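See below for the structure under consideration.
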Amino acid sequence: MKIKLVRLGGISILLAVAITVLHAQQPTASGPSVERLHSHITFLASDALEGRRSGSPGANDAAHYIAGEFSQMGLKPAFQTIRSPKNRGEARSNYRQAFPYVTSVAVGKNNQLTLQSPATSGGTPEVTVFQTEKDWLPVGLSTNARIDNAGVTFVGYGITASELKYDDYEGANAKGRVALAFSGTPDGDNPHGQFGRYEDVRWKAIAARNAGATALIVIASENNFKDDRLSRLSYDNSAGDAGLPVIAVSRQTAERLLNLGSSSVQALEQKLKTKQTRSEMEGAEPRVPTLVINLSTDLARQEVAAYNIVGILEGSDPTLKSEAIVIGAHYDHLGYGGAGSLAPKEGEIHHGADDNASGVAGMLELARLFTTQRPRLHRTVVFIAFSGEEEGLLGSNYYVNHPVVPLVNTVAMINLDMIGRMKNKALIVGGIGTATEWRSLVGNANLLGAMSVTAMNGSTQSTSSSSGVPIVVSANGRPIVSSDPAKQFQLTLNEDGFGPSDHSSFYAKQVPVLFFWTGTHEDYHKPSDTADKINYDDEARIVALVLHIVRDIDAGNKRPTYTVAKSESTGRSTGFRVYLGTIPNYSDATDGLLLDGVREDSPASRAGLKAGDKIVKLAGKDIRNVYDYTYQLGEMKAGQEYEIEIMRGSQRLTLKLTPAARK
């Protein structure tokens with residue numbers, strides 16, 4: 001057959017020929033199925049799975065579903081478990097990789113709160129015993145401890161915010177005493193107020209600990225204690241406990257603790273809302289120097305196993321099959337709300353259709369296509385559905401420390417997270433700077449996806465698309481290769497390999513990554529993120545793009561060349577004035593903040609910090625977990641030198657660190 005090449009814009013003759021050859025080499029099996037994507041997302045985002053909170057029955061049902069799909073596709077289970085002696089100790093194949101997860105906290109048997117009032121002349125002190133769950137309750141982040149004969153200091157809202165020149169502890173004698181504070185902030189319920197980020201009890205606990213308080217008591221905002229959110233126990237797997245006892249008390253109990261007499265908690269709260277500085281608080285604060293409390297907190301943390309689901313498609317090349325490409329997506333979501341939710345109230349199922357049933361569905365489609373298409377990939381592909389992403393990349397962090405294929409042999413990680421709500425063909429691709437080949441590879445795949453090739457049957461030809469612009473034509477003028485620019489994605493390419501999803505765990509281990517997502521939307525982290533709002537046709541196109549990219553990664557003997565990417569914003573502001581360049585590990589911790597990575601040419605790297613270091617003290621304050629660290633970031637100033645203490649193995653080091661201004 002004679003052909004002639006048409007030069008179009010910046011597309012060269014060589015590119016046209018290359019594209020023709022590439023098409024000739026592509027698999028002929030069908031592409032991504034919109035119907036299958038719809039079926040996967042509809043099930044995963046259904047009411048039956050109750051929002052897929054890690055460790056919950058709904059999440060376990062999702063894990064079982066994904067493992068079943070892997071099995072039907074013929075993916076190899078990644079693990080073998082040894083069965084009990086009753087079953088002759090035989091090994092059984094298993095797709096599940098278990099990692100520890102605290103699913104809930106429960107009230108223990110040794111909780112006690114008593115108030116000892118001053119003795120009248122010649123009498124004995126009056127002791128009031130408050131009832132657990134009716135009058136008060138430990139908060140889920142509380143440390144288990146006992147405090148005897150402690151004085152009480154009222155500290156307003158219990159907030160310290162140096163950048164706002166506001167400190168409820170200034171002039172208050174809280175050291176060695178129990179701090180007593182209102183929930184909320186001077187801004188009331190305004191989430192966009194200047195005190196918005198200090199509303200959470202976690203920040204109040206850190207301020208109390210920094211002020212030397214032995215415990216923190218927080219006054220409920222609701223008149224009926226059982227209606228208050230602080231009366232519902234919850235646990236944050238990314239933070240551990242607060243380092244001191246923290247309890248919530250009813251407003252009625254608070255009146256006794258504050259010794260208000262004929263006054264009310266409501267009246268005191270109204271006074272506080274009109275005062276903005278401690279100097280203005282004179283005369284508004286109750287003085288409770290003679291009241292003494294005894295406090296014992298006892299919480300039992302319920303630990304269960306959460307699961308990554310891992311299936312393996314072995315490569316066809318005898319040598320290259322020892323190398324692996326990881327394709328991942330997290331399947332957990334927010335359950336009935338609570339931590340992480342942007343809904344105004346708890347108790348509704350957060351369906352998580354886009355976040356991230358869409359990514360899981362895309363990953364399952366890729367698994368189906370790669371297992372059925374020929375030729376088979378040369379390298380091994382490891383398909384992973386992660387859990388625990390919503391609470392700090394727990395599952396992916398566990399995997400990179402317990403990999404199925406050694407990370408030194410993992411040539412790339414492809415992450416699909418929220419790929420179901422495309423608008424105006426806009427697709428964000430993160431990690432472009434983590435391998436020298438990524439930018440051209442992604443660009444070429446996007447171009448290729450917009451092309452169609454004429455099918456030839458002897459002297460008869462049928463064109464798969466008649467709307468494209470001809471690039472390669474036959475001698476009789478009929479198009480062989482056409483391009484339809486309308487089919488190309490409008491790509492936003494971000495350099496950074498770190499970001500708010502599971503690829504960050506791999507990049508921290510120097511694995512090149514690509515992260516595909518279509519951006520946030522008004523239903524993000526709300527119950528309204530439902531399956532009927534997914535753009536299934538465009539999700540199928542995204543899956544096809546990733547299919548091309550993975551095949552191109554696999555095409556040569558040379559693996560992608562890892563590079564250190566420059567830092568770029570992902571569009572989610574941190575709200576801090578300073579920048580250090582550290583990559584925290586978000587797993588449960590109480591003895592310091594482990595660093596997964598340190599950005600090149602950052603204040604942290606210039607100070608000598610390295611991946612694997614554990615920060616135990618920053619700017620004079622103890623660091624137990626990521627919340628302590630974040631709190632201190634909010635107190636630091638750009639250009640001012642601070643000491644930072646770290647554990648590097650068994651060695652404790654003190655370094656000098658100068659934060660940079662956040663741009």
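The model shown is predicted, which means the values in this text are computed figures rather than measured ones.
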So which of Ser396, Ser505, Ser504, Ser501 actually passes side chain to side chain donor-acceptor pair (under 3.5 Å) with Asn415? Ser501
Can any side-chain N or O of Ser231 pair as donor or acceptor with the backbone N or O of Asp228 at less than 3.5 Å?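 Checking the backbone N and O of Asp228 against the side chain of Ser231, a donor-acceptor pair under 3.5 Å is found.
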May I have the step-by-step check of salt bridge (Lys or Arg N to Asp or Glu O under 4.0 Å) for Arg251 and Glu222, ending in yes or no? CA-CA 8 Å; Arg251 295 174 78 82; Glu222 300 289 341; over 6 Å; no
Near-ring test Trp136/Phe225, centroid separation under 6.0 angstrom: no
Centres of the Phe386 and Tyr331 rings: under 6.0 Å?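 No, they do not, as the ring centres are separated by 6.0 Å or more.
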Spacing of [atom1] belonging to [X] relative to [atom2] belonging to [Y], to within rounding of 0.5 Å:
X: Leu394; Y: Ser387; atom1: CG; atom2: OG; value: 8.0 Å
X: Leu427; Y: Leu493; atom1: CG; atom2: CG; value: 9.0 Å
X: Ile623; Y: Ile206; atom1: CD1; atom2: CD1; value: 8.0 Å
X: Leu141; Y: Leu299; atom1: CG; atom2: CG; value: 9.0 Å
X: Leu416; Y: Phe516; atom1: CG; atom2: CZ; value: 7.5 Å
X: Ser33; Y: Leu364; atom1: OG; atom2: CG; value: 12.0 Å

4.5 Å side-chain heavy-atom contact, [X] and [Y]:
X: Tyr579; Y: Arg599; result: yes
X: Tyr629; Y: Asn625; result: no
X: His350; Y: Asp529; result: no
X: Thr160; Y: Asp168; result: no

Mutual orientation of the aromatic rings belonging to [X] and [Y] [parallel < 30°, tilted 30-60°, perpendicular > 60°]:
X: Phe383; Y: Phe370; answer: tilted
X: His503; Y: Phe515; answer: parallel
X: His38; Y: Tyr536; answer: tilted

Does the distance from a Lys or Arg side-chain N to an Asp or Glu carboxylate O, for Arg36 and Glu539, drop under 4.0 Å? no
Basic-acidic side-chain contact under 4.0 Å: Asp591, Arg624: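 Result for this pair is no, no salt bridge flagged.
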Would you sort out whether Tyr336 and Glu348 count as a side-chain hydrogen bond (donor to acceptor under 3.5 Å, both in side chains), showing the intermediate values? CA-CA 5 Å; Tyr336 284 90; Glu348 294 183 65; over 6 Å; no
Using the salt bridge (charged side-chain N to carboxylate O under 4.0 Å, His left out) definition, which of the options Asp532, Asp538, Asp523, Asp355 pairs with Arg421? Asp523
Please report the C-alpha distance between Leu593 and Asp628 in whole Å, then the side-chain angles of each, then the deciding distance to 0.1 Å, and finally whether the side chain to side chain contact (heavy atoms under 4.5 Å, CB included) criterion is met. CA-CA 9 Å; Leu593 176 70; Asp628 290 346; over 6 Å; no
All heavy atoms of His333 vs all of His525, minimum pair found to be CE1-CD2, 3.9 Å
If you compare all heavy atoms of Pro659 against all heavy atoms of Leu580, which two are closest, and at what distance to 0.1 Å?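 For Pro659 and Leu580, the tightest heavy-atom pair comes out as CB-CD2, 3.6 Å.
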Evaluate the side-chain hydrogen bond (donor to acceptor under 3.5 Å, both in side chains) criterion for residues Ser142 and Asp241: first the C-alpha distance (whole Å), next the side-chain angles of each, then the deciding distance (0.1 Å), finally the verdict. CA-CA 6 Å; Ser142 175; Asp241 66 59; over 6 Å; no
Side chains of Tyr399 and Gln97: is there a donor and an acceptor less than 3.5 Å apart?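 Absent: no donor and acceptor within the cut-off.
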Hey, are Thr185 and Glu199 close enough side-chain-wise for a donor-acceptor pair under 3.5 Å? no
Derivation of the side chain to side chain contact (heavy atoms under 4.5 Å, CB included) call for Ser183 and Leu230: CA-CA 9 Å; Ser183 59; Leu230 292 176; 4.2 Å; yes
